[in-house]
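Proteins come first, then strands; the chains are lettered A, B, ... in the order of their sequence lines, and each starts at number 1.
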Amino acid sequence: MNPSRRTSRWTSKGAVHALLAIAALYSVLPLIWLLTSSTKNVGDFSTTSAFELGDWNLVGNLRDLFAEEDGVFLHWIRNSLLYAGVGAVLGALICAACGYAIAKLDFPGRRALFAVTLAGVLVPTTALALPLYLMATELRVVDTFWAVFIPLLTNPFGVYLARAYAEAAVPDEVIEASRMDGAGELRTFFTVALPMMRPGVVTILLFQFVGIWNNFFLPLVMLTDPKLFPMTLGLFQWSSRVGQFPQYNPLVITGSLLAVLPLIIAFVVLQRQWRSGLAAGSVK
Amino acid sequence: MTLATPPPTSRRSRRSRLAPLLLAAPFALLLTGTVLVPIGYALYLSLFTERLSGLGFDGPSDVFVWFANYADVLGDENFRDSVGNVARYALLHVPLMLGGALVLALLLDGATVRLRQLWSLAVFLPYAVPGVIAGLIWAYLYSPGIGPLNDLLPFDPLGSDGVLPSIVNMATWQWLGYNMIIFYTALRTVPRDVLEASTVDGAGPIRTALAVKVPMIRPTVFVALVFTVIGSLQLFTEPLVLRSFSSSVTSTWTPSLYVYEAAFISNDYGRAAAASLLLAVACALLSALVMRLSTRRSR
């Protein structure tokens, strides 16, 4: 290798790392701002500069946050966990079962179901909100847990992914062997196929969790009782008051930090799982 | 591959015919109840309008108006402005975000990068931030006296000219890392001997990236493109959050905001349903167009 080639590679290595560092800073600095700002009281918030630390007031902010409106924030945390946690586990299981059935079993309407599922991926959620709201009104479930929970269970893209994982990860011979051993179809799915699809199902679960945790439009449309709000809707409602009442600023910011932290921790801890799951999905 | 061999006994055969249906039924029911029926209902609603009958003593009644709601929406200046806003938004956001994600993925895929996992995780983290929270963080960063950006930028990020790039930035920040990871995982599946062959032929790293790597992950890029375009058309949360901080965002700034305004503020369900369906049709047409382009180009 000639020397000029080596220098150019060395400098380009520096440039590559510089670009990556810029992208990382761009991504992380707003989150650091959230962290430093949640330690400031109302006064410091408007007088200190953005990334400067004020007097340490995180504990006071947290106390105010949980005291506001008789502790409604605790309800929001519980609701978000219920909608996203139960919704993601149940939703991922439903996706896995349907994806497996489409990939590996024969039943009438199999192709049609897959075609409609693909079309369902493309239907925008904002187009569904109004008819869902009116249907919920007819069924008298508007402003209840179910009006938000049930529509968010539906995840056509999850079925699409589950089908790809089932095709790739569950060999036909294994299903055949399980049948030979006398296991029924349902038993074969739960004890043989589902464990083989696990990395893919965990990925669907994680991304459905994020999707529901982040969802905002449907609760905005369906809910009026603050005790049923997820964190996103509650914090949005508080944020619409900050123009008039600056004392809501620390509440909104500290609440936002609490809404973001669990997801960041989940992604860091489960890195290996979702990275391999995404890889398996993108091969298809 | 399908397993259709009939099992030996009749009891088994009945069970094995029922089981696939049981596995597929929960999702099929959900899809019907929360997607298909609502779309059909929206179609029905979009053909009616609420009018006061006679002297109005009987209360309002629904009148079949054919496509009058669609004509109303398409003739509404606010709706046309909202379409213009998302179009300008998409023209900035789509190339910036996908181009940036592709460049970062190619850089990560280059052999000499240290701490690959750490870089990609850092850029990915904003994906974990809910749209509302991302909107709030950036709204504060843009606010004069609170965030640094108002002083650093040559324009007012919350002013009438600055609000579009501000919203583009919010969405780009959120989705850059997610798409980067998707592209990066796809790049890892490019066979290494193909890359070696390209190097042996004398192609440098940039030439290899453009002529070998990008064409090989083209399907992945097109899928990401479809999702980004659909997402752009549905833009809702970021502008709604900014409305508390800036008077430059109107109540009908995007088509989704227009639907929300028509349905839940004006209570004009017919017009809202017509606008919803126009949005859905636009999404379907655009994704069909992108998919068609992708199959033609990979031939």
Side-chain angles (χ1 to χ4, degrees), chain A residues 13 16 19-20 23-24 27-28 30-31 33-34 46 50 94-95 97-98 100-101 104-107 113 116 120 122-124 126-128 130-132 135 150-151 153-154 159 172 175 184-186 189 210 213-214 216-217 232 235-236 239-240 243 252 256 259-260 263-264 267 278-279 282-283, chain B residues 1-4 15-16 19-24 26-28 30-31 34-35 38-39 41-42 104 107 110 112-113 119 122-123 125-126 128-133 136-137 141 145-148 177 181-182 185-186 189 220 230 234 236-237 244 256 259 263 272-273 276-277 279-280 283-284 287:
Chain A
K13 193 174 159 187
V16 166
L19 278 172
L20 289 173
S27 306
V28 171
L31 296 173
W33 175 86
L34 186 64
S46 47
I94 290 171
C95 288
C98 188
Y100 167 80
K104 292 290 174 183
L105 304 173
D106 200 14
F107 60 94
L113 179 60
V116 177
L122 302 176
V123 176
T126 47
L128 294 173
L130 170 71
L132 278 174
M135 283 164 61
I150 289 177
L153 274 183
T154 316
V159 172
D172 290 342
I175 301 175
E185 293 292 341
L186 290 180
F189 169 69
V210 178
W213 188 271
N214 295 356
F216 167 67
F217 201 8
T232 46
L235 290 169
F236 169 73
S239 78
S240 61
V252 169
S256 297
V260 167
L263 281 188
I264 290 191
F267 271 111
L278 273 186
S282 75
V283 175
Chain B
M1 270 264 233
T2 315
L3 296 174
R15 243 172 60 189
S16 71
L21 291 177
L22 279 178
L23 288 171
F27 177 74
L30 280 173
L31 189 68
T34 65
V35 179
I39 282 284
Y41 189 40
L104 287 174
L107 290 181
T112 50
V113 174
W119 293 123
V123 182
L125 281 186
V129 179
V132 173
I133 312 288
L136 288 171
I137 293 175
L141 287 172
I146 296 171
I181 297 265
I182 301 269
T185 45
T189 65
T220 308
I230 295 180
Q234 295 186 68
F236 179 76
T237 307
S244 309
S256 291
V259 169
S276 294
L277 284 169
L279 192 64
C283 287
S287 41

Could you look at A:L34 and say if it's the side chain, the backbone, both or neither that has a heavy atom under 4.5 Å from chain B?
side chain
Roughly how far apart are A:I264 CD1 and B:L125 CG, rounded to 0.5 Å?
5.0 Å
Selection from B:A128, B:S244, B:A263, B:P126 maximising heavy-atom pairs under 4.5 Å formed with chain A:
B:A128
Of B:A24, B:A122, B:P38, the largest count of non-hydrogen pairs under 4.5 angstrom with chain A goes to B:P38
Walk me through it: do B:V123 and A:S27 pass the test side chain to side chain contact (heavy atoms under 4.5 Å, CB included)?
CA-CA 5 Å; B:V123 182; A:S27 306; 3.7 Å; yes
Going by heavy atoms in the side chains, are A:L132 and B:Y41 under 4.5 Å from each other?
no
Is A:V116 close to chain B through its backbone or its side chain, or both, or neither, when contacts mean heavy atoms under 4.5 Å?
both
Atom of B:A42, atom of A:P131 and distance for their closest heavy-atom approach
CB-CG, 3.9 Å
Is the closest side-chain heavy-atom distance between B:T237 and A:F217 below 4.5 Å?
no
Rounded to the nearest 0.5 angstrom, the CD1-OG1 distance for B:I230 and A:T126 is 10.5 Å
Separation between CZ (B:F27) and CD1 (A:I94), nearest 0.5 Å, reads 9.5 Å
Among B:V259, B:L136, B:L22, which residue has the highest count of heavy-atom pairs closer than 4.5 Å to chain A?
B:L136
If you tally heavy-atom pairs under 4.5 Å against chain B, which of A:L113, A:L19, A:L186, A:V28 wins?
A:L186
Taking the side chain as every heavy atom from C-beta outward, state whether A:V123 and B:C283 have any atom pair closer than 4.5 Å.
no
Considering only heavy atoms from C-beta outward, does the side chain of A:W213 approach that of B:P130 to under 4.5 Å?
yes
Locate the shortest heavy-atom distance separating A:V260 from B:I133; write the atom from each residue and the value.
CG2-CG2, 3.6 Å
What part of B:A284 gets closer than 4.5 Å to chain A, counting heavy atoms only: side chain, backbone, both or neither?
neither
Looking only at heavy atoms, the pair that brings B:L23 and A:L105 closest together is CD1-CD1, 3.9 Å
Considering non-hydrogen atoms only, spot the tightest contact between B:P20 and A:D106 and give its length.
CG-O, 4.0 Å
Atom group of A:F236 that falls short of 4.5 Å from chain B, counting heavy atoms
both
Walk me through whether B:T34 and A:L128 qualify under side chain to side chain contact (heavy atoms under 4.5 Å, CB included).
CA-CA 8 Å; B:T34 65; A:L128 294 173; over 6 Å; no
Check: A:P30 and B:L141 side chains under 4.5 Å, non-hydrogen atoms:
yes
